[in-house]
Engineer: 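There's a structure below that I have some questions on.
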Protein chains: 2
Amino acid sequence: MNAGAHDGRQQDPRPGPVPARARIEDVAAAAGVSMKTVSRVLNNEPGVREATRLRVREAVAALNYRPDPSARSLAGNRSYLVALLYDNPSPNYLMEVVTGVVDACEAHHYGMVMQPVAHRAPGCVEAVDALLSGARLDGLILTPPLTDSDALLDRLDQRGIPFACISPYKREGRIGVTLDEHDAVCELVAHLVALGHRRIGHVRGHPDHGASEWRLAGYRTALRRAGLRYDPELVVPGEFSFDSGLESGRRLLSLQPRPTAIFAANDDMAAGVMRAASEMGLRVPAEVSVCGFDNTPIAKHIFPQLTTVQQPTRDMAQVATMQLLAAIRDRGAGSMVHMPYALQLRDSTGPAPPD
Amino acid sequence: MNAGAHDGRQQDPRPGPVPARARIEDVAAAAGVSMKTVSRVLNNEPGVREATRLRVREAVAALNYRPDPSARSLAGNRSYLVALLYDNPSPNYLMEVVTGVVDACEAHHYGMVMQPVAHRAPGCVEAVDALLSGARLDGLILTPPLTDSDALLDRLDQRGIPFACISPYKREGRIGVTLDEHDAVCELVAHLVALGHRRIGHVRGHPDHGASEWRLAGYRTALRRAGLRYDPELVVPGEFSFDSGLESGRRLLSLQPRPTAIFAANDDMAAGVMRAASEMGLRVPAEVSVCGFDNTPIAKHIFPQLTTVQQPTRDMAQVATMQLLAAIRDRGAGSMVHMPYALQLRDSTGPAPPD
DNA sequence: CTGTTAGCGCCTTCAG
DNA sequence: CTGAAGGCGCTAACAG
């Protein structure tokens with residue numbers, strides 16, 4: 001059970017295979033200061049003369065000293081660990097998020113643990129509660145659709161743990177990061193309108209995601225601004241999955257008259273719509289234009305390449321994490337940051353076919 | 001800096017908003033036993049009468065007691081944390097791995113931290129070394145290509161930290177999980193041969209991945225068994241990416257005479273090959289058959305759907321993690337487990353075209 | 001600006 | 001089978 005690298009204080013003169021990890025006490029002795037001063041230097045606290053600071057740093061380097069996270073955690077009442085809570089989003093999206101979060105964490109010597117959370121499951125809130133009790137976490141990052149679960153957010157507020165939301169539906173009073181999805185979709189659909197499209201279908205996102213609402217709202221705004229009537233028949237449900245896009249695509253493309261363009265609420269579904277078009281012998285974009293949202297890799301891997309909205313997911317995750325770390329450092333810090341989007345016009349959209 | 005939920009030992013009679021987390025001492029008092037006995041029960045150690053055990057468990061439940069991981073870690077010299085080391089694999093693959101690892105971890109009350117490692121970077125081994133010093137990790141999970149970096153593996157051995165490998169090239173003396181990729185590819189290529197193909201191209205995997213070797217070897221074995229000559233011209237490099245598949249596909253399909261079938265070392269590259277075929281006006285599978293490896297989602301999302309090898313990545317990750325946890329529990333435990341594969345025959349492969 | 005003194009909450013040893 | 005004492009390595013509070 002015990003690794004044995006333990007009792008070897010100073011009774012072993014030979015350069016044994018186990019260099020007996022230096023402790024803060026050793027560093028203090030080597031630098032000729034007190035433990036607390038070493039601690040101050042390590043944590044970049046003020047109140048240490050520059051010369052002393054340097055001497056301590058040298059001793060740290062010489063002894064190859066690394067503070068023990070467990071001890072730090074126990075004494076300092078924090079873990080240097082944040083958790084990424086997620087619920088079954090697309091792998092591409094989640095990996096972008098992971099990369100962004102980890103990047104930000106590394107810079108601040110934080111670790112990130114992955115924590116799946118089934119937001120529809122009955123005991124979801126309790127499960128998160130147990131997690132918070134069972135692991136010393138300094139903060140949480142939430143991804144959609146967890147960002148839109150009021151029960152969960154309320155509980156987290158109640159427990160007082162700092163958390164950041166990536167792309168939540170409600171932004172007020174939260175910290176994290178958002179992108180103006182309404183405006184982005186609005187521009188995208190306006191682009192379709194400019195190409196001459198008048199019957200524009202929409203495959204909605206997963207009903208649990210606030211993003212689905214924003215995207216639908218953007219679609220409606222664009223129609224209204226273009227003086228087009230909102231036709232409920234042209235709006236069909238989806239779940240952000242390829243298969244749901246395929247099914248909804250079949251449905252939309254069977255309507256009479258057929259829509260000449262379809263905006264799917266994400267790229268996976270847009271790919272499904274394109275497959276539906278292909279099944280029905282419809283050419284994209286000659287007979288039907290298709291566009292998506294997110295600019296995931298699939299957008300470039302399908303043919304023709306997909307017109308979509310570029311969302312800087314990785315940067316968003318990084319920014320959200322920085323906000324979280326700020327809030328961990330001092331409660332009250334951290335805010336909701338807005339990120340820019342960019343239309344990616346590619347080959348899946350083109351002029352509306354003549355009547 | 002201080003949350004304030006701290007000093008409230010027992011001087012606050014009202015049911016305040018901060019229930020002052022129970023400590024092991026409280027549980028001991030409630031159960032009428034010593035702290036050590038509680039500890040024994042919590043860690044499932046022997047030497048406690050069944051009745052006592054029950055009483056303790058009741059007290060734990062009543063007080064909603066959760067041991068503090070930091071304290072446990074400090075005193076017990078372990079962290080209940082493992083890290084997943086990865087280097088830029090495909091998001092789909094990695095997320096499957098994450099899911100499997102997390103599943104196995106949850107069951108054993110372990111947490112998993114994500115740790116990207118740039119295996120080509122100069123200071124890679126040192127970076128991992130620093131990681132091991134800076135975070136108390138009980139063990140590591142390695143994914144390809146880290147599993148094939150001798151420098152890294154040697155250092156880990158030297159530090160004596162337990163680790164499990166997922167799909168390493170060399171299996172002897174390691175713990176983890178593998179799949180017989182050689183045999184799988186052999187069967188896949190034999191399937192092409194059975195369809196009448198005689199000129200079969202191969203897009204290789206990333207040169208740093210041992211899997212690329214196994215897959216090439218399987219290809220060669222299948223050719224040999226079929227009495228076909230190995231033609232180096234038909235084997236082109238790749239990097240496991242869509243783009244590399246596209247490029248290599250163009251190259252292979254420009255050869256005269258053209259191969260009638262192409263085995264790409266993974267699905268992403270196979271999708272690239274199919275795109276190359278489509279660019280050149282070649283129909284799949286009528287004029288050229290294409291197959292891949294992994295059975296990632298893209299295999300079903302492209303048209304026609306891809307013939308490939310199903311690899312139970314999630315289960316593999318889970319099994320590897322269980323082996324790791326066993327090795328953590330007692331050094332010497334844990335082994336290399338072989339997992340089954342299954343051919344997925346779909347629409348991208350068909351009879352060889354007549355000459 | 002710096003040092004001293006007490007724990008953080010648990011586990012380990014050794015005694016009963 | 002059970003308990004009491006001590007320490008894991010660090011930081012918070014308070015002195016100086």
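Every chain is numbered from 1, with letters handed out A, B, ... down the list of sequences.
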Engineer: Can you tell me how far C1' of dT2(C) sits from CZ of Arg49(A), to the nearest Å?
Structural biologist: 9 Å
Engineer: Do Pro116(A) and Asn88(A) make a side-chain contact, defined as non-hydrogen atoms from C-beta onward lying under 4.5 Å apart?
Structural biologist: no
Engineer: Is the phosphate of dT11(D) approached by Ser39(A) (side-chain N or O, under 4.0 Å from OP1 or OP2)?
Structural biologist: yes
Engineer: Whole-Å distance between dT11(D) P and Leu74(B) CG?
Structural biologist: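 Computing the Leu74(B):CG to dT11(D):P distance gives 12 Å.
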Engineer: By nearest atom, which of the nucleotides dT2(C), dG3(D), dC10(C) is closest to the Arg23(B) side chain?
Structural biologist: dC10(C)
Engineer: Closest nucleotide of DNA chain C for Lys36(B) versus for Ser70(B): which of these residues is on the 5' side?
Structural biologist: Ser70(B)
Engineer: Looking at Asp157(B), Asp148(B), Asp150(B), which hits salt bridge (charged side-chain N to carboxylate O under 4.0 Å, His left out) with Arg174(B)?
Structural biologist: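 Looking at Asp157(B), Asp148(B), Asp150(B), the match for Arg174(B) under the salt bridge (charged side-chain N to carboxylate O under 4.0 Å, His left out) is Asp157(B).
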Engineer: Over how many whole Å does the gap from Asn43(B) atom CG to dC10(C) atom P extend?
Structural biologist: 11 Å
Engineer: Does Val33(B) or Glu25(A) map to a spot on DNA chain D nearer the 5' end, using the closest nucleotide for each?
Structural biologist: Val33(B)
Engineer: Nearest heavy atom decides the nucleotide; on that basis, is Tyr65(A) or Gly32(B) closer to the 5' end of DNA chain D?
Structural biologist: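 First, find each residue's nearest nucleotide; the 5'-ward one identifies Gly32(B).
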Engineer: Rounded to the Å, how far apart are Glu50(B) CD and dT2(D) P?
Structural biologist: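 Value for this atom pair: 10 Å.
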Engineer: For Met35(B) and dC14(C), give me the distance from atom CE to atom C1', rounded to whole Å.
Structural biologist: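 From Met35(B) CE to dC14(C) C1': 16 Å.
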Engineer: Is there a donor-acceptor pair under 3.5 Å between the side chain of Asp68(A) and the backbone N or O of Ser70(A)?
Structural biologist: yes
Engineer: Calculate the interatomic distance between Asp26(A) atom CG and dG9(D) atom P; express it in whole Å.
Structural biologist: 9 Å
Engineer: I want to verify a distance call: between dT4(C), dC11(C), dG9(D), whose nearest atom is closest to the Asp68(A) side chain?
Structural biologist: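 Between dT4(C), dC11(C), dG9(D), the one nearest the side chain of Asp68(A) would be dG9(D).
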Engineer: Mind checking Pro67(A) for me? I need base, sugar-phosphate or nothing, with any heavy atom below 4.0 Å counting as a touch.
Structural biologist: sugar-phosphate
Engineer: Using the rule side chain to side chain contact (heavy atoms under 4.5 Å, CB included), only one of Val101(B), Val98(B), Leu85(B) pairs with Met114(B); which is it?
Structural biologist: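 Going through the options one by one, the only one that passes is Val98(B).
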Engineer: Of all the choices, dA12(D), dC11(C), dG9(C), which nucleotide is nearest to the side chain of Glu45(A) once you look at every atom?
Structural biologist: dA12(D)
Engineer: Can a side chain N or O of Ser73(B) be found less than 4.0 Å away from OP1 or OP2 on dC10(C)?
Structural biologist: no
Engineer: Across the strands shown, which category fits Ile24(B) at heavy-atom distances under 4.0 angstrom: base, sugar-phosphate, nothing?
Structural biologist: sugar-phosphate
Engineer: Could you tell me the separation between the CZ atom of Arg78(B) and the P atom of dC10(C), rounded to a whole number of Å?
Structural biologist: 13 Å
Engineer: May I have the distance from Arg53(B) (atom CZ) to dC1(D) (atom C1'), rounded to whole angstrom?
Structural biologist: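 Rounded to whole Å, this separation is 11 Å.
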Engineer: Using only modelled atom types and a 3.5 angstrom limit, is any donor from either the side chain of Arg40(B) or the base of dG3(D) paired with an acceptor on the other?
Structural biologist: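 Yes.
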Engineer: Taking only the side-chain nitrogens and oxygens of Thr37(B), find out if one of them lies under 4.0 Å from OP1 or OP2 of dC1(D).
Structural biologist: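 No, no such contact exists.
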Engineer: Of the nucleotides dG3(D), dC10(D), dC10(C), which has the atom closest to the Ala75(B) side chain?
Structural biologist: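 When the side chain of Ala75(B) is considered, dC10(C) is the closest of dG3(D), dC10(D), dC10(C).
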Engineer: Say whether, by atom type as modelled, one donor and one acceptor occur between the side chain of Asp26(B) and the main chain of Arg23(B) under 3.5 angstrom.
Structural biologist: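 Judged by distance alone, yes, a pair lies under 3.5 Å.
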Engineer: Go through Ser149(B) and Arg155(B) one step at a time and tell me if the side-chain hydrogen bond (donor to acceptor under 3.5 Å, both in side chains) criterion holds.
Structural biologist: CA-CA 10 Å; Ser149(B) 162; Arg155(B) 180 56 131 280; over 6 Å; no
Engineer: Considering just the side-chain nitrogens and oxygens of Arg72(B), establish if one lies under 4.0 Å of OP1 or OP2 belonging to dG9(C).
Structural biologist: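 For Arg72(B), the contact criterion (side-chain N or O under 4.0 Å from OP1 or OP2 of dG9(C)) is not met.
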